[in-house]
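Report on the following structure.
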Amino acid sequence: MAKWEAAHIFEADPDAGKQKVMVTFPFPYMNGPLHVGHAFSASRVDAYARFKRMQGYNVLWPWAWHWTGQPLLGASQRVARGDQAYIRVLREVDGVPEEQLQKFVDPKYMAQYYTNEGRIAAKRVGFSVDWRREFTTVWPTFQKFIEWQYKNLKELGYVTRGTHPVVWCPKDQSPTGDHDRQSGEGVTPEEYTIIKYKLDENTVLPAATFRPETIYGITNLWINPDATYVEAAVNSENWIISQEAAEKLKEQEKTVVVNRVFKGRELIGKTFENPITHERLPILPGWFVDTKTATGVVYSVPAHAPFDWLALKDLQQKPEVMCDFGVDPQLVLQIKPVSIIKVDGFGEYPAVEIVEQMGIKDQQDPKAEQATKELYKKEFHSGKLRPNCGVYAGKSIREVKDQIIDDFRKLGIFDKMYDLSEQVVCRCMTPCMVKILSDQWFLNYSDAKWKEKAKEVIAQMKIYPENARTGFYTTIDWLKEWACARTTGFGTPLPWGKGWIIETLSDSTLYMAFYTINKHINQNKIPPEALIPEVFDYIYYGKGDKTQISATTNITIELLDSMRKEFLYWYPFDLRNSAKELVPNHLSFCIFHHAALFPPEHWPKGISVNGMLMVEGQGMHKSKGNFITLKGAIDKYGADATRCGLMIGAEGMDDPDWRADNVKDLKNKFDALTSFANNIITSAKQPENTALEHWLQNKLQHRIQEITENLDELKTRTALQTALFEVWNDLRWYIQRKGNTNAAILVDAIKIWIKMLTPFAPYMCEELWSQTGETSFISTAQWPKFDETKLDIAAEEQENLIIDILTDTQNILKATKITPKRLVFYTAATWKWQIYLRILEKASAGETKISELMKEFSSNPELKPYIKDIATLVPKVIKASTKLSSNRKINMVKIQIVDEKQVMQNSLDFLKDRFDVEVSVYSEDDKDRYDPKNRAPMAMPYQPAIYIE
RNA sequence: GCAGGGGUCGCCGAGCAUGGUCAAAGGCGUAGGCUUCAGGAGCCUAUCCUGCAGAGGUUCGUGGGUUCAAAUCCCACCCCCUGCACCA
């Protein structure tokens with residue numbers, strides 16, 4: 001590590017003579033240490049960077065730190081508050097020393113601590129980063145860049161103003177994000193449609209629902225007779241709602257003045273008007289009505305809602321209940337469900353039928369909930385509205401739901417309100433509610449033209465793996481306005497909005513362009529006040545008069561030009577890699593912002609995504625006690641094993657699983673590899689040039705090709721597996737066959753091998769590289785290039801012959817359980833080759849007709865004497881040929897006749913050694929062969945006959 | 001609910017786009033042998049079932065279908081994972 005740093009080999013500057021590759025990794029958020037999850041995604045970036053660097057590219061791999069946002073403040077506050085549980089985590093999981101902990105009351109100190117620790121860990125794990133371009137997102141110079149970015153976005157009309165519902169803590173007076181919650185994680189505001197039924201000319205009964213289309217099937221309202229309701233002026237209308245609802249609506253852009261408080265029973269038996277049909281329907285008692293949900297006013301659709309049907313049935317079976325309210329029971333008994341949806345598999349009243357089918361007894365039955373869900377799903381997807389549904393008749397609910405809401409809202413019959421599906425409690429123990437934030441700033445990702453442009457960016461981009469591409473397209477379609485500013489936390493102030501700070505996911509969308517110039521800003525100590533928008537306009541757009549800009553900013557013209565040149569050289573970035581969880585947000589935002597602010601030639605070239613790291617089969621969480629810091633992993637297993645343990649886990653979108661045993665095992669493997677390689681390096685010096693060496697060379701070429709292709713596709717797992725295990729197995733096989741490690745060619749093989757391992761295990765490879773006598777860095781050595789001239793199909797097929805005969809013999813021994821005294825192999829007679837090769841040739845072309853082949857062979861005078869044997873041989877060869885890959889068939893035809901006897905003879909020592917018996921080889925053509933069972937005639941090309949004594 | 005990705009021989013995990021070369025790579029684990037004072041590591045062999053001659057049988061979530069031929073293509077179903085907004 002020290003040598004790399006001293007030699008500055010990872011520092012990259014523009015070089016017109018070299019092709020560039022710029023790779024990036026989303027800067028990590030600094031409220032904690034780097035962990036193995038970061039390391040997984042970043043290791044893949046590093047492996048790619050190192051690979052490309054060795055291929056001769058000028059590679060830039062920059063790094064920075066994300067400080068923007070709320071959690072850092074929250075964390076610091078918890079330390080200040082003396083939150084012991086949290087402090088224990090910092091101490092035991094993050095490994096923060098005691099004297100540092102106390103200073104964490106300052107959030108910036110905390111962030112700086114983690115940044116320093118993170119940098120050390122990133123260097124130790126071997127990331128080949130150009131650290132001269134480093135920054136944190138609270139540096140004033142970076143913030144000038146963000147200001148420029150937002151100024152432009154605003155001018156281009158991508159920033160809008162509007163309202164937005166959030167989960168809100170009334171005590172803290174701030175939004176309550178998932179991380180700020182005591183309970184209710186994942187709960188989001190849900191939009192209810194309110195239907196304004198009229199009690200009388202002046203009074204509204206606003207019933208809340210998720211199924212506004214059922215308005216056509218209403219039979220009555222439910223009011224909880226024992227709950228407290230209020231009469232309140234809501235935006236100048238007189239509403240009857242639950243007491244709780246009155247409080248909620250105050251936060252939802254409504255003025256609410258409560259005029260009267262009363263019990264729900266007061267309303268029972270009264271009637272109200274259906275705003276569509278204008279008929280009057282009754283208000284009935286519903287004890288199941290939860291006044292904490294929405295308005296506390298519920299309307300009944302017994303034909304399609306199981307709960308409504310069950311409640312109505314209850315009441316109809318016990319009409320005397322109505323008498324308690326002084327109401328004529330006839331009011332209940334006369335109610336009939338109104339069917340409005342035709343669904344396959346159901347008749348007139350689906351709710352009634354499903355209740356019967358499932359044997360649901362009453363409202364308390366848990367199956368009622370299930371029935372509701374099931375029925376709604378069916379009705380939503382396959383249901384058609386009946387003729388009594390006005391202009392919507394005949395349509396599916398899916399098609400018209402939004403339309404209905406829209407239409408009736410325009411008529412003033414519908415309104416909306418937000419509520420939570422479950423209770424959310426803030427960390428401060430206050431129950432939360434939904435608040436509509438007004439005057440919010442948004443990035444208008446709804447903008448159709450912007451979406452189109454973003455899709456164009458994707459269309460011209462490489463996506464690794466390719467099947468992640470649809471994810472980007474659907475995200476772009478899906479994204480709506482994004483609140484891009486908030487009032488608390490670290491970050492860049494919104495240039496035009498007092499008190500607003502640009503939100504963390506919105507300030508990290510274009511900054512890769514900042515890396516290209518930040519080297520100059522750092523080195524020349526350019527002050528933030530000099531970084532006026534005109535400077536960035538010049539650097540990024542070539543706009544403006546540099547003489548004038550230089551005069552107003554004191555940045556020299558040369559420096560301005562260097563920065564412009566640097567940007568033009570490196571941009572766009574070629575690769576950005578992260579976990580797939582960032583596809584729906586960060587990565588898509590990055591695409592949107594590039595589409596908005598840069599011309600096509602500066603659009604991103606490639607994005608790659610990978611899975612989420614698991615630890616021993618589970619998600620990694622500090623609270624679960626399975627959190628592994630990068631530093632901890634390096635301390636325990638070393639950098640190389642850590643990197644490889646991560647990368648060998650998965651590629652593509654699969655989630656890798658970090659298993660301590662596997663990583664430990666890798667560490668052992670590297671020790672073994674080191675001594676294996678060292679042993680060869682010190683012992684191999686004989687020049688050897690037999691078929692075996694050709695075989696090894698041939699194999700290596702294939703491996704080079706495989707590994708190179710896979711790395712190019714970011715298939716780091718496959719590449720590493722091939723580089724580590726497959727090549728090792730090839731070398732083992734060679735050594736086994738050869739019987740020693742004397743051949744000088746082995747050292748060359750080792751050099752190729754460790755070069756291909758360098759992107760994954762750079763430390764070990766540097767070490768071994770120097771053992772071979774090299775004085776340069778392997779990190780900058782030339783990546784092995786696939787060389788077709790080193791391929792040797794004959795050597796490959798000869799070796800296959802040996803492998804096949806080995807497998808066959810073992811198979812026989814296993815089946816017969818013979819302990820052999822003697823092994824004899826018989827290679828095929830010369831005339832058989834003519835038949836064999838001719839059939840392979842035909843088979844490669846896909847036309848093996850026995851009759852035609854026989855005709856051809858019998859007309860050949862050379863084959864005349866064997867014609868009887870040929871008749872039995874041909875179908876056998878055809879069958880055997882189907883088991884060969886087309887590649888091998890082609891090769892065999894090319895190679896023509898192999899002197900199998902000679903090849904086997906050369907391998908006799910190996911075979912003897914293997915079976916620990918006397919082994920001999922004859923040709924079928926040999927007259928004086930030892931062949932007591934007359935096996936030789938069974939011999940075929942590439943399949944010698946076997947006799948075991 | 002909406003969207004995306006998956007289910008392969010003890011485990012992890014290739015293969016599936018372009019059907020035959022697939023009893024299906026590789027790693028781990030397990031068993032035996034070598035090496036070692038011993039353990040570990042390393043090296044070699046085996047590892048779905050059956051088989052006294054290089055073979056056969058049954059497998060790739062479940063059930064159907066297409067095809068001479070399906071882990072691979074089509075349909076239906078079951079199950080698992082991930083994201084869903086002000087939050088990094």
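Each chain gets a letter, A, B and so on, in the order its sequence line appears, and its residues count up from 1.
- Minimum atom distance to the side chain of A:P71 is reached by B:A88, of the listed B:A88, B:G4, B:A85.
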List every contact pair, protein side and nucleotides 25-30 of chain B side both N or O, where the distance is under 3.5 Å.
| unit_1 | atom_1 | unit_2 | atom_2 | d |
| --- | --- | --- | --- | --- |
| B:A25 | N1 | A:Q721 | NE2 | 3.0 |
| B:G26 | O4' | A:E726 | OE2 | 3.3 |
| B:G27 | OP1 | A:N729 | ND2 | 3.4 |
| B:C28 | OP1 | A:K669 | NZ | 2.3 |

Got a list of side-chain donor-acceptor pairs under 3.5 Å for residues 607-617 of chain A, not counting sequence neighbours?
| unit_1 | atom_1 | unit_2 | atom_2 | d |
| --- | --- | --- | --- | --- |
| A:S608 | OG | A:N577 | OD1 | 2.4 |
| A:N610 | OD1 | A:R44 | NE | 2.9 |
| A:N610 | OD1 | A:N577 | ND2 | 3.0 |
| A:N610 | ND2 | A:S41 | OG | 3.1 |
| A:E616 | OE2 | A:A660 | N | 2.8 |

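- Using a distance-only test at 3.5 Å, with no hydrogens or angles considered, a donor-acceptor pair links the side chain of A:Y511 to the main chain of A:F27.
- Nearest to the side chain of A:E503, among B:A88, B:A53, B:G54, sits B:A88.
- Distance check on atom P: B:C52 versus B:G63 gives 33 Å, rounded to whole Å.
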Item to complete: Decide yes or no on side-chain hydrogen bond (donor to acceptor under 3.5 Å, both in side chains) for A:R888 and A:N891, but give the supporting numbers first.
Response: CA-CA 5 Å; A:R888 283 191 71 186; A:N891 285 347; over 6 Å; no

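- Judged by Watson-Crick or G-U wobble contacts below 3.5 Å, the nucleotide B:C34 has B:G42 as its partner.
- Distance CH2 (A:W658) to C1' (B:C12): 16 Å, rounded to an integer number of Å.
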Between the protein and nucleotides 80-83 of chain B, are there any N/O to N/O pairs under 3.5 Å, and if so, what are the atom names and distances?
none

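- A salt bridge links A:D94 to A:K622: one of the charged nitrogens lies within less than 4.0 Å of a carboxylate oxygen.
- Taking a pair to require two hydrogen-bonding distances under 3.5 Å in either a Watson-Crick or a G-U wobble arrangement, B:C84 pairs with B:G1.
- Across the protein-nucleic acid pair, A:D661 atom CG and B:G40 atom P stand 15 Å apart, rounded to whole Å.
- Pair assignment for B:U47 gives B:G29, based on Watson-Crick or G-U wobble hydrogen-bonding distances that are each under 3.5 Å.
- Remark: the separation of the C1' atoms in B:G51 and B:C43 is 31 Å, to the nearest Å.
- Among the atoms of the strands shown, only primed sugar atoms or phosphate atoms (P, OP1, OP2) are found under 4.0 Å from some heavy atom of A:Q736.
- Counting only heavy atoms from C-beta on, A:H66 has its side chain closest to B:A88 among B:A88, B:A85, B:A3.
- For A:D913, the salt bridge (charged side-chain N to carboxylate O under 4.0 Å, His left out) criterion is met by no residue, not counting sequence neighbours.
- When the nearest nucleotides of RNA chain B are assigned to A:K814 and A:N668 by heavy-atom distance, the more 5′-ward of the two goes with A:N668.
- Across all strands shown, A:A945 has heavy atoms under 4.0 Å from base atoms, whether or not it also approaches the sugar-phosphate.
- Side-chain atoms of A:N811 and base atoms of B:G54 include no donor and acceptor less than 3.5 Å apart.
- For B:C77 and B:G7, the C1' atoms lie 14 Å apart once the distance is rounded to whole Å.
- For the P atoms, the distance from B:U58 to B:C49 is 16 Å, rounded to whole Å.
- When distances run from any side-chain atom of A:I812 to the nucleotides B:C44, B:A88, B:G54, the shortest one goes to B:G54.
- The distance between atom NZ of A:K480 and atom C1' of B:C2, rounded to the nearest whole Å, is 10 Å.
- Taking the ring-ring contact (aromatic ring centres under 6.0 Å, His included) definition, one finds that A:Y734 meets it with nothing, sequence neighbours left out.
- In a base pair of the Watson-Crick type (N1 to N3 plus N6-O4 or O6-N4) or a G-U wobble (N1-O2 and O6-N3), with each distance short of 3.5 Å, B:U18 is matched with no nucleotide.
- To the nearest angstrom, P of B:A14 lies 7 Å from CD of A:E651.
- With both ends at atom P, the span from B:C28 to B:U36 equals 24 Å, rounded to whole Å.
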Give me the distances for all protein-to-nucleotides 22-24 of chain B N/O pairs that come in under 3.5 Å?
none

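- No salt bridge links A:K667 with A:D671; every basic N to acidic carboxylate O contact stays at or beyond 4.0 Å.
- Here A:D808 pairs with nothing under the salt bridge (charged side-chain N to carboxylate O under 4.0 Å, His left out) rule; sequence neighbours left out.
- With sequence neighbours left out, the salt bridge (charged side-chain N to carboxylate O under 4.0 Å, His left out) criterion links A:E251 to A:K435.
- Within the structure, salt bridge (Lys or Arg N to Asp or Glu O under 4.0 Å) contacts touching residues 936-945 of chain A (residues at least two apart or in different chains) do not occur.
- The shortest distance between the side-chain N/O atoms of A:T504 and the OP1/OP2 oxygens of B:A88 is below 4.0 Å.
- Comparing B:A24 with B:A71, their C1' atoms are spaced 8 Å from each other, to the whole Å.
- Taking a pair to require two hydrogen-bonding distances under 3.5 Å in either a Watson-Crick or a G-U wobble arrangement, B:U58 remains unpaired.
- B:A70 and B:A17 have their C1' atoms separated by 15 Å, given to the nearest Å.
- Protein atom CG of A:L813 is 17 Å distant from nucleotide atom P of B:G51, rounded to whole Å.
- Between A:Q440 and A:E481, the closest side-chain pair of non-hydrogen atoms is not below 4.5 Å.
- With sequence neighbours left out, A:Y114 forms a ring-ring contact (aromatic ring centres under 6.0 Å, His included) with A:F104.
- In this entry the distance linking NZ of A:K664 with C1' of B:G40 reads 13 Å, nearest Å.
- Comparing A:T188 and A:T807 by the nucleotide of RNA chain B that holds the closest heavy atom to each, the one mapping nearer the 5' end is A:T807.
- Residues forming a salt bridge (charged side-chain N to carboxylate O under 4.0 Å, His left out) with A:D419 (at least two apart in sequence, or on another chain): A:K248.
- Here the C1' atom of nucleotide B:C52 and the CD1 atom of A:I948 are 11 Å apart, to the nearest Å.
- Here the separation of B:G42 from B:U35, taken at their C1' atoms, is 8 Å to the nearest Å.
- If you measure from atom CG of A:D913 to atom P of B:C34, you get 15 Å, rounded to the nearest angstrom.
- At a threshold of 4.0 angstrom between heavy atoms, the contacts of A:Y376 with the nucleic acid are absent.
- Residues in residues 936-948 of chain A take part in these side-chain hydrogen bond (donor to acceptor under 3.5 Å, both in side chains) pairs, two or more places apart or across chains: A:Y947-A:E949.
- Under the Watson-Crick or G-U wobble criterion, with both distances below 3.5 Å, B:U67 is left unpaired in every strand shown.
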